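Notes follow the structure.
Everything numeric in this text was worked out from a predicted model, so none of it was measured. Each residue takes its place number in the sequence, starting with 1.
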Amino acid sequence: MDSQKGTDSVSQRIQAMTDRAADLKARGAYFYNMAVTEILDDARVIVNGRNMGMYASYGYAGLLGHPRIAAAAKAAVDKYGTGTNGVRSLAGTLDLHVELEETIADFKHAEAAITYTSGYATNLSVISTLMGRGDWILSDKLNHASIVDGCMMSGALFRRFKHNDMADLEKRLQQAPSDVAKLVIADAVFSMDGDIIDLPKVVKLCEKYDAWLMMDEAHSIGVLGKTGRGIEEHFGLGDVVDIKMGTLSKTIPSVGGYVAGKRDMIEYLRHASRAYIFSAALPPAQAAAAMESFKVILDEPWRLEKLQANTEQFIGGLKSAGFDTMLTETAIVPVLCGDDERAYELTGAAQAKDLFVLPVVSPAVPNGLARLRATVTAAHATKDIAYALDVLAEAGKEIGII
Ligand SMILES: *Cc1c(COP(=O)(O)O)cnc(C)c1O
């Protein structure tokens with residue numbers, strides 16, 4: 001390249017990524033951004049003309065394509081069209097948004113709720129609006145990137161505590177001056193590892209040190225608790241989380257994010273959080289689909305039971321084949337491979353046998369902890385999971401993982 005542009009640090013970063021992706025593609029080890037051409041349900045998809053079992057979906061309750069939810073979305077398009085007149089604060093609010101927020105507040109047993117157009121934007125905006133310079137944020141080391149970005153954007157002092165380690169969290173709470181605002185924040189279910197935060201202990205520590213508590217329920221809403229209400233219900237606790245955040249893009253087959261909590265806090269966010277004020281409202285179809293989904297979860301409790309049974313079958317089968325599934329207790333199941341190369345190999349072998357699974361490698365996870373990040377949903381049939389287990393066990397032996 002002849003210009004200065006070709007050698008500066010931006011160009012170097014672009015080149016490095018281009019080279020890494022090209023190398024993987026050349027070796028047939030690039031599995032990302034594959035186009036699904038048809039979604040049969042949350043358990044089967046068509047990719048490259050092949051009917052594959054889906055083991056990488058976040059649709060834990062199997063709600064994608066649910067007739068009631070699809071009908072609600074279509075009716076909303078007929079009534080309101082495909083977009084809104086702008087941002088929520090000005091002309092963008094529909095009665096649908098108000099009803100959706102009431103539905104979420106009700107589902108979470110909270111006073112009120114606010115929605116945003118993505119979970120990522122929700123974390124970014126809510127954390128950086130509530131917290132600021134001089135405040136302290138204590139964040140679990142394995143928290144989702146959107147939490148990390150929100151913490152950094154806030155300008156607050158940002159400390160990570162060891163993953164789900166309550167002694168370490170307490171040590172850091174002790175270090176904080178008593179007169180500063182403190183926020184403790186964690187994924188309820190960790191998105192790469194599938195384990196559950198020790199909420200009862202976190203709550204005690206937050207009470208003892210007078211800290212705010214925020215839970216990201218991206219992978220626990222519609223998954224944990226007897227009726228799918230999430231982490232508080234799972235532990236049989238009442239209203240103990242101040243900032244109840246979740247997404248509308250995983251178990252809820254739509255898009256968007258929400259926070260539920262005390263009415264004053266939600267009203268404050270409506271008037272102060274920039275993703276609400278400066279970004280367009282959720283489209284009508286997505287708001288209607290999300291609202292109907294919360295109702296379906298309550299109307300069809302068998303989905304939670306089936307999800308639980310499928311999770312037990314899948315984790316149990318992997319363990320008895322000799323795989324290390326780390327600390328998972330939920331439908332997010334890490335299948336530990338070791339170095340990145342082995343994770344690519346296991347993925348390739350599984351995909352050749354029509355399992356849609358994907359690898360998670362460094363730097364998303366630490367070096368040497370590359371894995372498949374497999375998921376099951378309520379939509380999987382027992383016999384399909386048995387087939388997946390056979391495929392993974394055979395390939396795992398061939399590659400030398402088990
Ligand atoms: C997926 C995810 C988000 C972001 O949600 P989107 O709605 O996809 O933007 C936030 N937090 C966690 C833990 C997630 O897994």
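- Note on residues 272-296: pairs passing ring-ring contact (aromatic ring centres under 6.0 Å, His included), not counting sequence neighbours, are Phe107-Phe294.
- In this structure, Ser118 contributes its side chain and Ala121 its backbone to a donor-acceptor pair below 3.5 Å.
- At least one side-chain heavy atom of Ile243 sits under 4.5 Å from a side-chain heavy atom of Val126.
- Side chains of Thr93 and Arg88: a donor-acceptor N/O pair is present below 3.5 angstrom, by distance only.
- A donor-acceptor contact shorter than 3.5 Å links the side chain of Asp168 to the backbone of Lys162.
- With His271 contributing its side chain and Tyr268 its backbone, the two residues share no donor-acceptor pair below 3.5 Å.
- Under a cut-off of 6.0 angstrom, the local environment of CH2 in Trp212 is sparse, with at most 12 non-hydrogen atoms contributed by other residues, nucleotides or ligands.
- Heavy atoms of other residues, nucleotides or ligands lying less than 6.0 angstrom from CG of Leu237 number more than 12.
- Partners of Ser273 under the side-chain hydrogen bond (donor to acceptor under 3.5 Å, both in side chains) rule, at least two apart in sequence or in another chain, are Tyr116.
- Between Arg303 and Glu300, at least one side-chain N (NZ, or NE/NH1/NH2) sits under 4.0 Å from a carboxylate O, which counts as a salt bridge.
- Side-chain contact annotation: Asn164 with Asp140, donor-acceptor N/O pair under 3.5 Å absent.
- Ile399 contributes atom CD1, which lies 7.5 Å from atom SG of Cys337 (distance to the nearest 0.5 angstrom).
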Could you walk me through whether Arg13 and Met17 pass the side-chain contact (heavy atoms from CB on, under 4.5 Å) check?
-> CA-CA 6 Å; Arg13 282 196 286 277; Met17 187 59 81; over 6 Å; no

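- The side-chain hydrogen bond (donor to acceptor under 3.5 Å, both in side chains) test applied to Gln174 returns Tyr209, not counting sequence neighbours.
- Ser11 has its side chain within reach of Asp8: a pair of non-hydrogen atoms, C-beta onward, lies under 4.5 Å apart.
- With Leu130 as reference, Leu269 is the one residue of Leu269, Leu183, Val259 to meet the side-chain contact (heavy atoms from CB on, under 4.5 Å) rule.
- By the 4.0 Å N-to-carboxylate-O rule, Asp239 lies close enough to Lys244 to be salt-bridged with it.
- Side-chain atoms of Met192 and Arg371, non-hydrogen and from C-beta on, do get closer than 4.5 Å to each other.
- Atom CZ of Arg274 has 12 or fewer heavy atoms from other residues, nucleotides or ligands within 6.0 Å.
- Checked against Ile127 for a side-chain contact (heavy atoms from CB on, under 4.5 Å), the options Met153, Met214, Met245, Met152 give a single hit: Met214.
- Here the side chains of Val202 and Met166 are in contact, with some heavy-atom distance below 4.5 Å.
- Thr103 and Asp106 share no donor-acceptor pair across their side chains, judged by distance under 3.5 Å alone.
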Stepwise side-chain contact (heavy atoms from CB on, under 4.5 Å) check, Asp135 with Leu157 | CA-CA 6 Å; Asp135 303 332; Leu157 198 131; over 6 Å; no

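- A heavy-atom distance below 4.5 Å is not found between the side chains of Tyr258 and Ile266.
- For the pair Asn143 (side chain) and Asp187 (backbone), a donor-acceptor distance under 3.5 Å is present.
- Nearest heavy atoms, Pro283 versus Thr84: CA-CG2, 4.5 Å.
- Gln15 and Asp19 share a donor-acceptor pair across their side chains, judged by distance under 3.5 Å alone.
- Here the closest non-hydrogen pair linking Ala218 and Thr247 is CB-CG2, 3.8 Å.
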Chi angles and distances behind the ring-ring contact (aromatic ring centres under 6.0 Å, His included) call for Phe190, His219 = CA-CA 8 Å; Phe190 288 89; His219 301 278; 10.0 Å; no

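- Contact detail for Lys319 and Thr325: the closest heavy-atom pair is CE-OG1, 3.4 Å.
- Counted by atom type alone, Asp193 and His163 present zero donor-acceptor pairs between their side chains at under 3.5 Å.
- For an aromatic pair to be called close, the ring centres must be under 6.0 Å apart, and Phe314 with His380 fails this.
- Between Leu205 and Leu169 the shortest heavy-atom distance is CD1-CD2, 3.8 Å.
- Looking at heavy atoms from C-beta onward, Leu372 lies in side-chain contact with Leu392 at the 4.5 angstrom threshold.
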Should Thr117 and Val255 be marked as a side-chain contact (heavy atoms from CB on, under 4.5 Å) after you check the CA-CA gap, both sets of side-chain angles, and the distance that decides it?
-> CA-CA 7 Å; Thr117 35; Val255 73; over 6 Å; no

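- Between the side chain of Glu111 and the main chain of Arg263, a donor-acceptor pair closer than 3.5 Å is present.
- The closest donor-acceptor contact from the side chain of Lys182 to the backbone of Val180 lies under 3.5 Å.
- Within 6.0 Å of CZ in Arg270 there are more than 12 heavy atoms belonging to other residues, nucleotides or ligands.
- At a threshold of 4.0 Å, the pair Asp299-Arg68 counts as salt-bridged, since one of the basic side-chain nitrogens sits closer than that to a carboxylate oxygen.
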Worked verdict on Thr115 versus Ile104 for side-chain contact (heavy atoms from CB on, under 4.5 Å) | CA-CA 9 Å; Thr115 52; Ile104 294 170; 3.7 Å; yes

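- The pair Lys208-Glu170 counts as a salt bridge, with a side-chain nitrogen and a carboxylate oxygen less than 4.0 angstrom apart.
- Applying the 6.0 Å contact sphere to CD of Glu394 captures no more than 12 heavy atoms from other residues, nucleotides or ligands.
- To the nearest 0.5 Å, atom NZ of residue Lys108 and atom CE of residue Met215 are 10.5 Å apart.
- Of the possible donor and acceptor atoms, none in the side chain of Arg373 sits under 3.5 Å from a partner among the backbone N and O of Pro359.
- Side-chain contact between Leu124 and Ser146 is absent, with no heavy-atom pair separated by less than 4.5 Å.
- With salt bridges taken as basic N to acidic carboxylate O contacts below 4.0 Å, one links Arg27 and Glu341.
- Ring geometry for Tyr58 against Tyr60 counts as tilted: the plane angle lies between 30° and 60°, on a 0 to 90° scale.
- At distances below 3.5 Å, not a single donor-acceptor pair connects side-chain atoms of Asp340 with backbone N or O atoms of Val361.
- Atom CG of Asn48 is surrounded by 12 or fewer heavy atoms from other residues, nucleotides or ligands within 6.0 Å.
- Taking all atoms of both residues into account, the shortest heavy-atom contact from Ala281 to Gly92 is CB-O, 3.5 Å.
- A donor and an acceptor atom, one from each side chain of Glu232 and His109, are nowhere located under 3.5 Å apart.
- In this structure, the side chain of Arg229 does not engage the main chain of Leu224 through any donor-acceptor pair within 3.5 Å.
- Annotation: side chain of Leu282 is in contact with side chain of Leu100 (closest heavy-atom distance under 4.5 Å).
- Here the shortest heavy-atom pairing between Leu173 and Ala211 reads CD2-CB, 4.2 Å.
- Defined by atom type and a distance below 3.5 Å, a donor-acceptor pair is present between the side-chain atoms of Thr227 and Glu233.
- The closest side-chain donor-acceptor pair between Asp354 and Tyr387, if any, does not fall under 3.5 angstrom.
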